[in-house]
Amino acid sequence: MKRKHLITGLIYLAFGIVCLCIEITYDTRLDSLLCGLCGAGIGGGAAMLYKYFWWNRPENSEIYQEKLDQEDIDLHDERKEQLRNRAGRYAYLVGMVIIAVSIVLFYILDALDILPDTGWVTIYLYGYLVVQYILGIIIYRWLNARY
């Protein structure tokens, strides 16, 4: 395994420990967020360090090489690339529908005073919908011209 995995794991672990120290030392309204970041940093960093040391053992080097070869085949297989592209497209379309329905729903809830002050949420979702649509078109045209 590459050394950058070890460094990344150590950085995650250090970030988690820093968040833990801040959460223990100070009493803020961000305690729950800091606890979550602490768990994510320490858990993710520990998992990366475990994998690094596990795959760097001499008895696991052959298995790791086979795993890398299979991963390379999976990443460059044309059929799997097509399926990943199609799955990304479907996820993009489902996200667009969910955002459009959310805009209408938040507008109705705001108009009926069921959930007051959701105007900013509606504006945010509308802006996100427009940006996602325009970005999809730009990326498609860029890829179409490139390939």
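Closest approach of S102 and L125 over heavy atoms only: CB-CD1, 3.6 Å. Residues L34 and C19 approach most closely at O-CB, 3.9 Å, considering heavy atoms. Of all non-hydrogen atoms in Y52 and H5, the two that sit nearest each other are CD1-CB, 4.4 Å. The two residues M48 and T8 have their closest heavy-atom pair at CE-CG2, 3.5 Å.
For the atom pair CG of L37 and CG of L30, the computed distance is 9.5 Å after rounding to the nearest 0.5 Å. Here the CD atom belonging to Q65 is positioned 11.5 Å from the CH2 atom belonging to W55, to the nearest 0.5 angstrom. Rounded to the nearest 0.5 angstrom, L129 CG and I134 CD1 are separated by 9.5 Å. Of the inter-residue distances, the one linking R79 atom CZ with L83 atom CG reads 5.0 Å to the nearest 0.5 angstrom. Distance check, rounded to the nearest 0.5 Å: CG of L10 to CG of L49 gives 5.0 Å. The distance from atom SG of C38 to atom CD1 of I24, rounded to the nearest 0.5 Å, is 7.5 Å.
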**OP:** Show the numbers, then the answer: is there a side chain to side chain donor-acceptor pair (under 3.5 Å) between E81 and N85?
**Re:** CA-CA 6 Å; E81 283 183 18; N85 291 339; 5.7 Å; no
**OP:** Quick one: do Y64 and L68 satisfy side-chain contact (heavy atoms from CB on, under 4.5 Å)? Show the steps, please.
**Re:** CA-CA 6 Å; Y64 183 66; L68 287 180; 3.4 Å; yes
Original post:
Hey, mind stepping through L6 and F53 against side-chain contact (heavy atoms from CB on, under 4.5 Å) and telling me if it holds?
Top reply: CA-CA 9 Å; L6 173 66; F53 289 116; 4.1 Å; yes
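Within a 6.0 Å radius of CZ in R84, more than 12 heavy atoms belonging to other residues, nucleotides or ligands are found. Within a 6.0 Å sphere centred on OH of Y92, other residues, nucleotides and ligands contribute more than 12 heavy atoms. Sparse packing is recorded around CD of Q82, with 12 or fewer heavy atoms of other residues, nucleotides or ligands lying under 6.0 Å away. At most 12 heavy atoms of other shown residues, nucleotides or ligands fall within 6.0 angstrom of atom CZ in R3.
A distance-only check finds a donor-acceptor pair linking the side chain of S61 to the backbone of P58 [under 3.5 Å]. Within the 3.5 Å criterion, the main-chain N or O of F106 finds no donor-acceptor partner in the side chain of D110.
For the pair I137/R141, a side-chain contact is recorded, criterion being any heavy-atom separation below 4.5 Å from C-beta on.
Using a 4.5 Å cut-off between side-chain heavy atoms of Ile, Leu, Val, Met, Phe, Trp and Tyr, with links allowed through other members, I17 and L33 fall into different hydrophobic clusters. Each of I114 and Y107 belongs to its own hydrophobic cluster when Ile, Leu, Val, Met, Phe, Trp and Tyr are linked at side-chain heavy-atom distances under 4.5 angstrom. Connection of I99 to I123 is not established within any shared hydrophobic cluster, with ILVMFWY side chains joined at heavy-atom distances below 4.5 Å, either directly or through further cluster members. Transitive grouping of hydrophobic side chains (ILVMFWY, heavy atoms separated by less than 4.5 Å) keeps Y133 and I98 in distinct clusters. The hydrophobic cluster containing Y128 does not contain V94, counting ILVMFWY residues as joined when their side-chain heavy atoms lie under 4.5 angstrom apart, directly or transitively.
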